[in-house]
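Take a look at the structure below.
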Amino acid sequence: MIEKYLDEITQTDGEVIEALKEADHFLITHFCKKRDQIETRRCYWDSKSKIWETKDGKLAFTCVAMNQEETEIVGYRTFTNIFNVTGRVAKHPTSEAVQ
């Protein structure tokens, strides 16, 4: 498990990026300005995902995100005002294990 303060993560932080690649999915808790509330979204890391710094100096994650109900992927989203990022790993390597 990787624990770092968000202000310690940089766009070239290989340790964090490798952990996100290995995770089945991860949860980002952030403040949503559109809905004026704190939200947690399930996300996935792929080859187009990145961690970067905005022109205002904020940490930003661009990744594949699911909708709020977690029923479908809505596409790439960029998250700022992030409070927490938690990676999750599947208990079983495939869904065949539960069948």
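When a residue number appears, it is its place in the shown sequence, counting from 1.
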> Mind checking what makes ring-ring contact (aromatic ring centres under 6.0 Å, His included) contact with Phe26, not counting sequence neighbours?
Replying inline: none
> What residues, two or more places apart in sequence or in another chain, satisfy side-chain hydrogen bond (donor to acceptor under 3.5 Å, both in side chains) together with Asn81?
Replying inline: Lys58
> For Glu72, which residues count as a side chain to side chain contact (heavy atoms under 4.5 Å, CB included) partner, sequence neighbours excluded?
Replying inline: Asn67
> What do the steps show when you test Val85 against Leu27 for side-chain contact (heavy atoms from CB on, under 4.5 Å), and what is the final call?
Replying inline: CA-CA 6 Å; Val85 179; Leu27 303 174; over 6 Å; no
> Transitively linked via ILVMFWY side-chain contacts under 4.5 Å: Ile17 with Phe61?
Replying inline: yes
>> Does any part of the side chain of Cys43, heavy atoms only, come nearer than 4.5 Å to the side chain of Phe79, both counted from C-beta?
In response: yes
With a cut-off of 3.5 Å and sequence neighbours excluded, list every side-chain donor-acceptor pair involving residues 44-51.
from  : atom 1 : to    : atom 2 : distance (Å)
Asp46 : OD1    : Lys48 : N      : 3.0
Asp46 : OD1    : Ser49 : N      : 3.2
Asp46 : OD1    : Ser49 : OG     : 3.0
Asp46 : OD1    : Tyr76 : OH     : 3.3
Asp46 : OD2    : Tyr76 : OH     : 2.4
Ser49 : OG     : Asp46 : N      : 3.1

>> Give me each pair satisfying salt bridge (charged side-chain N to carboxylate O under 4.0 Å, His left out) with a member in residues 27-44, each pair once, sequence neighbours excluded.
In response: Arg35-Glu39, Arg42-Glu70
> Looking at residues at least two apart in the chain, or sitting in another chain, which of them share a side chain to side chain contact (heavy atoms under 4.5 Å, CB included) with Thr86?
Replying inline: Asn84, Arg88
> What is the minimum heavy-atom distance between Ile82 and Leu59, and which atoms define it?
Replying inline: CD1-O, 4.2 Å
> With sequence neighbours left out, what residues match His25 under ring-ring contact (aromatic ring centres under 6.0 Å, His included)?
Replying inline: none
>> Assess the residue pair Cys63 and Ile28 against the criterion (side-chain contact (heavy atoms from CB on, under 4.5 Å)); give the C-alpha distance rounded to whole Å, side-chain angles, the decisive distance to 0.1 Å, and a yes or no.
In response: CA-CA 10 Å; Cys63 53; Ile28 292 183; 4.0 Å; yes
> Residues in side-chain hydrogen bond (donor to acceptor under 3.5 Å, both in side chains) with Thr62, at least two apart?
Replying inline: Trp52, Thr78
